[in-house]
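Nothing fancy with the numbering, it's 1 onward along the sequence.
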Amino acid sequence: MALLHRAEIRPTKLELLAGWLPGRDWYQGRPGAELVRVAAYRFDDPAGRVGIETMLVSFGDGPVLQVPLTYRDAPLDGADGWLIGTTDHSVLGRRWVYDGCGDPVYAAALADAVLAATGQAEEHFEVAGKREVRAPSMAIASSGDPGTEVPHLGEHRLVVEGEPTRIVTDPVELAVVRCLAADGTPPTGTGAVLTGSWDGQPTPLPLAYAALR
């Protein structure tokens, strides 16, 4: 379960991403176009410390880009190269925002979602002292087997940016699709596949892959 807060965030997530995305080697977008949110989904951190949200965005009518984000209350050691920026959250205070591909907490959650089909986190808001469920903005599904015991990933052995971005750990290799397209080519050793669909995209598209090593 993801507990969300009705809060002001400065700068906003889209403002952070608008400045960060054009510097990625997998970036695609129309110059000068406004960055817009298309949809999003979340995973749970079992420890309850790290926020995990994957945003789908596009620059104008450009392709849909997938950006996994992690939100932390302190810097992540050794992850300066994956830091997108910091925000001031009116409820939670200063938050460090990372590209999730460089964060072990995201990798572990993604492995569970792809290999064990654990699904996305249910989102809740606190309203007048009661929790209300927010309907998801997209659907995700996995070809993995529910109940699969996913090994502990530990630290990343290697992260290779590009399309897709590869996350290599000792027991599992993950691939995160950055530019979502119906004609995307699965990487070698694809394994289980996570797909997603949303308003305007009823046919599920590949989001990520995972395979045991």
Checklist line | Reported OH-to-CG distance for the pair Y106 and D45, which is rounded to 0.5 angstrom | finding: 14.0 Å
Checklist line | Donor-acceptor under 3.5 Å (Q120 side chain, M138 main chain) | finding: yes
Margin query: Under the rule for side-chain contact (heavy atoms from CB on, under 4.5 Å), what residues qualify as partners of L83, not counting sequence neighbours?
Written below: W96, Y98
Note to self: Under 4.5 Å between side-chain heavy atoms, counting indirect links through other Ile/Leu/Val/Met/Phe/Trp/Tyr residues: same cluster for L180 and V193 or not?
What the structure shows: yes
Check: When rounded to the nearest 0.5 angstrom, what is the spacing between OG1 in T87 and NZ in K13?
Finding: 8.5 Å
Checklist line | Results of salt bridge (charged side-chain N to carboxylate O under 4.0 Å, His left out) for D61 - residues two or more places apart only | finding: R30
Check: Which residues satisfy the side-chain contact (heavy atoms from CB on, under 4.5 Å) test with D112, sequence neighbours excluded?
Finding: T118, V150
Notebook entry, point to check: Do the side chains of L153 and F43 join up, straight or via other hydrophobic residues, at under 4.5 Å, putting them in one cluster?
Noted result: yes
Notebook entry, point to check: Nearest 0.5 Å, what's the CG-CG distance between L205 and L194?
Noted result: 11.5 Å
Check: Roughly how far, to the nearest 0.5 Å, is CD1 of I167 from OH of Y209?
Finding: 14.0 Å
Check: Checking Q66 side chain against L207 main chain: does a donor-acceptor pair fall under 3.5 Å?
Finding: yes
Item checked: Donor-acceptor under 3.5 Å (E163 side chain, T165 main chain) -> no
Note to self: Taking salt bridge (charged side-chain N to carboxylate O under 4.0 Å, His left out) as the cut-off, I'd like each qualifying pair that reaches into residues 99-108, sequence neighbours left out, listed once.
What the structure shows: R72-D103, D99-R178
Note to self: With a 4.5 Å cut-off on side-chain heavy-atom distances among I, L, V, M, F, W and Y, is there a chain of contacts connecting V64 to L35?
What the structure shows: no
Next item on the list: Can you sort out the partners of P46 under side-chain contact (heavy atoms from CB on, under 4.5 Å), two or more places apart, ordered by chain and number?
Entry: none
Check: Is there a side-chain contact between S58 and V36, using heavy atoms and a 4.5 Å cut-off?
Finding: yes
Margin query: Before you tell me yes or no, could you show the steps for T169 and R157 under side-chain contact (heavy atoms from CB on, under 4.5 Å), namely the whole-Å CA-CA distance, both residues' side-chain angles and the distance that decides it to 0.1 Å?
Written below: CA-CA 5 Å; T169 71; R157 175 184 289 186; 5.7 Å; no
Margin query: Ignoring hydrogens, what is the shortest heavy-atom contact between I52 and A109? Give both atom names and the distance.
Written below: CD1-CB, 3.9 Å
Margin query: Looking at R37 and M55, would you say the former's side chain and the latter's main chain have a donor-acceptor pair under 3.5 Å?
Written below: no
Item checked: Sequence-distant partners of F59, ring pair (Phe, Tyr, Trp, His ring centres under 6.0 Å), two or more places apart -> Y27
Next item on the list: Compare every heavy atom of G154 with every heavy atom of P104, then report the nearest pair and how far apart it is.
Entry: CB-O, 4.1 Å
